[in-house]
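A short write-up of the structure that comes next.
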Amino acid sequence: MTIRVIIVDDQAMVRAGFAALLSAQADIDVVGEAPDGRQGIEVSRSTHPDVVLMDVRMPEMDGLAAARALLDPPVGVVHRPKVLMLTTFDVDDYVYEALRAGASGFLLKDAPPADLISAVRVVAAGEALLAPSVTRRLIADFAQQRPAPRKDPSLRLKGLTPRETEVLELIARGLSNREIADHLILAEQTVKTHIGRVLAKLGLRDRAQAVIFAYESGLVAPGG
């Protein structure tokens with residue numbers, strides 16, 4: 001199955017470079033590009049990509065606003081692509097907000113080419129791109145600085161079983177499915193089942209939102 005991708009970035013050279021790299025992959029097809037968030041939404045709505053590579057900082061409409069529009073579309077718009085944020089900073093307030101809005105993760109623009117290709121495939125497969133070395137620190141930093149939301153998310157934890165709560169905590173600490181399976185002495189497929197139930201019960205889109213929820217609910221302490 002071919003992964004359909006669009007690239008939204010205000011730098012033409014970045015768009016061209018990413019397009020050339022991704023188009024060279026047999027399983028990836030670049031179906032469009034745009035120089036700002038507003039045009040990115042239009043291109044996405046017309047081409048129905050699987051993954052949108054979205055720059056964070058752009059004129060007209062930034063990547064955060066565009067990501068929100070794509071991930072929470074108006075009535076009548078059915079298509080919701082996966083959104084992978086692109087940034088030049090390893091800690092960026094906009095990226096945190098995009099993850100909360102439902103983006104599937106973020107990637108540094110200067111990441112190696114192999115990382116970009118892998119990121120597109122990971123996100124297209126429905127996983128969140130959460131590199132513990134960067135993303136967990138970003139989420140922890142901002143979770144620590146922000147007030148609790150109006151609705152206490154800790155109340156929603158009560159709907160989880162003890163095992164599901166344990167799996168959520170390990171996700172938030174940056175463990176992969178395989179590492180969680182090894183830690184809990186479970187089959188990896190069983191871990192995937194638990195993660196699916198956690199997301200469903202908490203009304204979360206993916207692993208990225210699960211990590212943020214774990215911090216904001218107090219299940220995992222920032223820096224802990």
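Everything numeric here is computed off the predicted structure, so don't read it as measured data.
Between Leu160 and Lys201, the closest side-chain pair of non-hydrogen atoms falls below 4.5 Å. Contact annotation: the side chain of Ile6 never approaches that of Glu33 to less than 4.5 Å [non-hydrogen atoms, C-beta and beyond]. Here the side chains of Leu202 and Leu168 are in contact, with some heavy-atom distance below 4.5 Å. Between Gln25 and Arg121 the shortest side-chain heavy-atom distance falls below 4.5 Å. Side-chain atoms of Val5 and Pro49, non-hydrogen and from C-beta on, never get closer than 4.5 Å to each other. Within the 4.5 Å cutoff, side-chain heavy atoms of Leu219 are placed close to those of Thr165.
Between Lys82 and Asp50 there is no salt bridge, since none of the side-chain N atoms of the basic residue sits less than 4.0 Å from a carboxylate O of the acidic one. Between Glu42 and Arg45 there is no salt bridge, since none of the side-chain N atoms of the basic residue sits less than 4.0 Å from a carboxylate O of the acidic one. A salt bridge links Asp9 with Lys109: at least one charged nitrogen is closer than 4.0 Å to a carboxylate oxygen.
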Yes or no on side chain to side chain contact (heavy atoms under 4.5 Å, CB included) for Leu86 and Phe106, after CA distance, side-chain angles and deciding distance?
-> CA-CA 6 Å; Leu86 300 170; Phe106 79 98; over 6 Å; no
Could you give me the CA-CA distance, side-chain angles and deciding distance for Val56 and Asp62, then say whether side chain to side chain contact (heavy atoms under 4.5 Å, CB included) is met?
-> CA-CA 6 Å; Val56 171; Asp62 64 28; over 6 Å; no
Might you work through the side chain to side chain contact (heavy atoms under 4.5 Å, CB included) test for His194 and Glu166, ending with a clear yes or no?
-> CA-CA 10 Å; His194 283 311; Glu166 195 171 15; over 6 Å; no
Step by step, would you call Asp55 with Val8 a side chain to side chain contact (heavy atoms under 4.5 Å, CB included)?
-> CA-CA 6 Å; Asp55 188 20; Val8 184; 6.0 Å; no
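Atoms CZ and CG, on Arg80 and Leu70 in that order, are 10.5 Å from each other to the nearest 0.5 Å. The line from OG1 of Thr161 to CZ of Arg197 is 8.0 Å long, rounded to the nearest 0.5 Å. Arg15 contributes atom CZ, which lies 9.0 Å from atom CD1 of Ile7 (distance to the nearest 0.5 angstrom). For the atom pair OG1 (Thr47) and CG (Asp29), the distance works out to 10.0 Å, reported to the nearest 0.5 Å. With rounding to the nearest 0.5 angstrom, the CG atom of Leu22 is 6.0 Å from the CG atom of Leu53. Remark: Met58 CE to Gln11 CD distance equals 11.0 Å, nearest 0.5 Å.
When all heavy atoms of Leu84 and Leu107 are compared, the closest pair comes out as CD1-N, 4.3 Å. Nearest heavy atom pair, residue Val30 against residue Ser23, reads CG2-OG, 3.4 Å. Taking all atoms of both residues into account, the shortest heavy-atom contact from Arg57 to Asp10 is O-OD1, 3.9 Å. The two residues Ile41 and Ala66 come nearest to each other via the heavy atoms CD1-CA, 4.0 Å. Taking every heavy atom of both residues into account, Ser104 and Val123 meet most closely at CB-CG1, 3.7 Å. Of all the heavy atoms in Leu204 and Ala210, the pair that sits closest is CD1-CA, 3.6 Å.
When atom types are taken as modelled, the side chain of Ser217 and the backbone of Phe213 share a donor-acceptor pair closer than 3.5 angstrom.
Exactly one residue among Asp115, Thr87, Leu116 makes a side chain to side chain contact (heavy atoms under 4.5 Å, CB included) with Leu108. That residue is Thr87.
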